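Keep in mind that what you see is a predicted model, and the values were worked out from it rather than measured. When a ligand or atom number is given, it counts from 1 through the structure's own listing order.
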Amino acid sequence: MKNIVILISGTGSNMAAIVHAAEQQDWERRLGARVAAVVSNRADAKGLAFAREHGIATEVLDHKACASREAFDAQLAQVIDRHAPALVVLAGFMRILTPGFVARYAGRLLNIHPSLLPAFPGLHTHQRAIEAGCQFAGCTVHQVTAELDVGPIVAQAVVPVLAGETAEQLAARVLTQEHLIYPRAIGQLLSKQ
Ligand code: GAR
């Protein structure tokens, strides 16, 4: 069985979209894959309850309880490795990862970012796209490498920026696309493994 471990920090709507896709498309039978665990660095992450309701193992590892970024990532890797993952999926996991962590999961570490990379790495992507006068915005699924938001692009979706819309409105429309492209990209990767 190819185990998927999903890392979240908050709402977990991308994680939920992946879990729904796995259920509806019967990834266990069709791809020999399943979401084995959801791990959060925040105990109050809303997505944890959703994962539990769907029978998925959950783990919380509070980064504030760790002495350093390296110590947190080392503990996180221990938690993840218990599930022997074929794929580690960052889904709104708001932590910068150490190069050692990224190297450990090279080739099996994915992220989704709410911009059309390489435009707007980092935070506040939608506000920045509006302020720059972009006519299009979107989201990117990419392989994670040591440099933040820079790894090879796996999938993108584009949405038009509407006249006068707020960053929140744009974010909501982009998020709808995230929920489509992330499960699809993961399914395609798993089918090639
Ligand atoms: C998503 O929009 C995701 O692209 C973004 O956080 C949101 C998480 O939502 N990720 C980043 O900004 C990573 N740099 P979710 O918790 O509902 O999936």
Side-chain angles (χ1 to χ4, degrees), residues 4-23 35 37-54 56 58-63 69 72-73 76 87-99 101-102 105 109-132 134 136-159 161 165-187 189:
I4 305 163
V5 174
I6 306 181
L7 310 189
I8 65 170
S9 294
T11 309
S13 69
N14 276 290
M15 174 272 296
I18 295 161
V19 169
H20 278 139
E23 288 172 355
V35 179
V38 171
V39 183
S40 174
N41 62 313
R42 299 181 56 115
D44 62 355
K46 268 171 56 186
L48 289 169
F50 173 92
R52 286 187 200 112
E53 283 159 17
H54 286 254
I56 298 166
T58 60
E59 314 239 21
V60 174
L61 190 61
D62 182 0
H63 60 276
R69 199 173 280 284
F72 174 75
D73 280 7
L76 182 60
L87 211 52
V88 178
V89 171
L90 308 179
F93 188 63
M94 305 308 272
R95 297 278 309 164
I96 292 173
L97 298 165
T98 55
F101 182 94
V102 172
Y105 300 106
L109 185 56
L110 280 184
N111 183 41
I112 189 153
H113 182 75
S115 78
L116 292 172
L117 290 174
F120 309 119
L123 297 174
H124 311 301
T125 53
H126 305 297
Q127 189 60 41
R128 288 157 64 205
I130 289 169
E131 282 168 10
C134 294
F136 294 95
C139 49
T140 304
V141 176
H142 66 97
Q143 302 268 4
V144 177
T145 54
E147 207 179 334
L148 185 70
D149 299 333
V150 165
I153 292 170
V154 175
Q156 289 186 308
V158 179
V159 304
V161 178
E165 78 175 333
T166 64
E168 289 72 27
Q169 289 166 331
L170 177 57
R173 290 192 304 108
V174 170
L175 191 60
T176 305
Q177 295 302 312
E178 295 184 37
H179 297 164
L180 297 176
I181 67 167
Y182 213 4
R184 194 185 304 147
I186 290 167
L189 279 179

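Shown here are the side-chain contact (heavy atoms from CB on, under 4.5 Å) partners of P121, two or more places apart in sequence or in another chain: L117, R128, D149. Annotation: side-chain contact (heavy atoms from CB on, under 4.5 Å) contacts of V102 (sequence neighbours excluded): L97, L109, V144.
Listed by first then second residue, pairs satisfying salt bridge (Lys or Arg N to Asp or Glu O under 4.0 Å) with a partner in residues 173-186 read E165-R173, not counting sequence neighbours.
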Provide, line by line, the atom pairs where ligand 1 and the protein bring an N/O atom each to a distance under 3.5 Å; else say none.
unit_1, atom_1, unit_2, atom_2, d
ligand 1, 2 (O), E178, OE1, 3.2
ligand 1, 2 (O), E178, OE2, 2.9
ligand 1, 4 (O), E178, OE1, 2.7
ligand 1, 4 (O), E178, OE2, 3.4
ligand 1, 16 (O), G12, N, 2.8
ligand 1, 17 (O), S13, N, 2.8
ligand 1, 17 (O), S13, OG, 2.5
ligand 1, 18 (O), S13, N, 3.3
ligand 1, 18 (O), N14, N, 2.9
ligand 1, 18 (O), N14, ND2, 3.0

**Item:** side-chain contact (heavy atoms from CB on, under 4.5 Å) between H20 and H54, intermediate numbers included
**Value:** CA-CA 9 Å; H20 278 139; H54 286 254; 4.1 Å; yes
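Side-chain contact check for N14 versus V89: every heavy-atom pair is 4.5 Å or farther apart.
Smallest separation of non-hydrogen atoms from L110 and Y182: O-OH, 3.2 Å.
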